[in-house]
Amino acid sequence: MAAIVRINSVCHRGVKPLFYRSSLLSRPLVAQQKDQDCPYPLTARIHGSSSLYAGSGSKAASLHWTGERVVSVLLLAMGPAAYYFPGPAVDYSLAAALTLHGHWGIGQVLTDYVHGEPKIKMANAGLFLLSTVTFAGLCYFNYNDVGICKAVALLWSK
C-alpha cells in the first residue's frame, strides 16, 4: 500500500516512473510477427456472462448473501435452543431453517458445476423437488412422530 501511495505522489508531481507508463501497460504480452496473417496481437480476452451483470443496480444479490448468513447464524443458535427448549416451535423452525440452508447450499453447487440451459433447468427443478420433499418429510416427522429435538436427544441417550 505504501508503494502505491509513493508512486501516486510521484506521478502527481509530473515525474513518471519507468514501469508506470501507460504505453508499457497497454502493450500485448506476445509480440506479433510481421509475416503472420493474423492482423491482431495475441492477447487474451475475458468474456463475462450477461446474466452476471443483469441486476447490477439492485441489492438482490447482497440481500440474498445477507439472508444466507442470517440463516447460518440462526442455525447455530437453534442448537442450544433445541436442547434447552424442545417443542413444536423449535422443531418446525429447525425444519424450515435446515431446508432453506440446504436448498441455498446445493443451489450454489449447481450454479458452479452445472452448465448448459437444459441441464440448469433440470437441476433447478430437481433441487426444488428435493427441498419440497425434505421440508414435507421433516414436517411430517414433527407432526406424526417425536420431532427433531427429541429424536436427536434419543440418539444421544443411547
Side-chain angles (χ1 to χ4, degrees), residues 1-5 7-8 20 22 24-30 32 36-158:
M1 185 69 183
I4 294 172
V5 173
I7 288 174
N8 286 338
Y20 195 66
S22 61
L24 289 175
L25 294 176
S26 64
R27 292 184 183 168
L29 295 175
V30 179
Q32 179 181 353
Q36 191 177 11
D37 293 335
C38 185
Y40 52 87
L42 301 174
T43 58
R45 293 186 181 196
I46 299 173
H47 299 282
S49 170
S50 61
S51 64
L52 293 175
Y53 305 107
S56 62
S58 71
K59 290 187 173 185
S62 176
L63 290 175
H64 181 77
W65 185 87
T66 304
E68 287 177 347
R69 298 318 173 262
V70 167
V71 168
S72 297
V73 170
L74 283 176
L75 276 171
L76 288 173
M78 282 185 193
Y83 180 74
Y84 290 113
F85 309 108
V90 178
D91 285 337
Y92 286 102
S93 298
L94 273 171
L98 287 170
T99 304
L100 187 60
H101 184 73
H103 178 81
W104 281 339
I106 295 172
Q108 290 302 314
V109 171
L110 293 178
T111 300
D112 289 342
Y113 294 108
V114 177
H115 305 288
E117 192 67 28
K119 291 179 184 177
I120 291 173
K121 287 183 180 180
M122 286 180 19
N124 283 334
L127 174 62
F128 282 112
L129 180 67
L130 176 68
S131 298
T132 304
V133 168
T134 301
F135 183 67
L138 288 172
C139 288
Y140 179 83
F141 182 75
N142 286 337
Y143 188 75
N144 292 318
D145 209 338
V146 294
I148 297 172
C149 298
K150 291 196 180 181
V152 172
L154 287 173
L155 285 174
W156 282 347
S157 67
K158 292 184 179 188

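All residue numbers refer to positions in the sequence shown, counting from 1. Just so we're clear, the structure is a prediction, and the values are computed from it rather than from any experiment.
Within the structure, no pair that satisfies the ring-ring contact (aromatic ring centres under 6.0 Å, His included) test touches residues 130-154, not counting sequence neighbours.
One distance of note links OG of S93 with CG of L74; it measures 9.0 Å at 0.5 Å rounding. How far CG of L98 is from CE of M78: 8.0 Å, rounded to the nearest 0.5 Å. A distance of 11.5 Å separates CD1 of I106 from OG1 of T111, quoted to the nearest 0.5 Å.
Taking both residues in full, the closest heavy atoms of A82 and C149 are given as CB-SG, 3.5 Å, listed atom of the first, atom of the second, then distance. Shown here for V90 and F85, the closest heavy-atom pair between the two residues is CG2-O, 3.4 Å. The two atoms that bring L154 and S157 nearest to each other are O-OG, 2.9 Å, heavy atoms only. Heavy atoms only, all atoms of each residue included: L76 and P80 are closest at O-CD, 3.2 Å. Here the closest heavy-atom approach between residue A97 and residue V71 is recorded as O-CG1, 3.9 Å. Minimum heavy-atom separation, A95 to L138: CB-CB, 3.7 Å.
In terms of modelled atom types and a separation under 3.5 Å, the side chain of D91 and the main chain of G147 share no donor-acceptor contact.
For NE2 of H101, the number of neighbouring non-hydrogen atoms (other residues, nucleotides, ligands) closer than 6.0 Å is 12 at most.
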Side-chain polar contacts of residues 113-124 - donor-acceptor pairs under 3.5 angstrom, sequence neighbours left out - could you list them?
unit_1: H115; atom_1: NE2; unit_2: D112; atom_2: O; d: 3.4
unit_1: N124; atom_1: ND2; unit_2: I120; atom_2: O; d: 3.4

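Applying the ring pair (Phe, Tyr, Trp, His ring centres under 6.0 Å) criterion to H64, with sequence neighbours excluded, gives W104.
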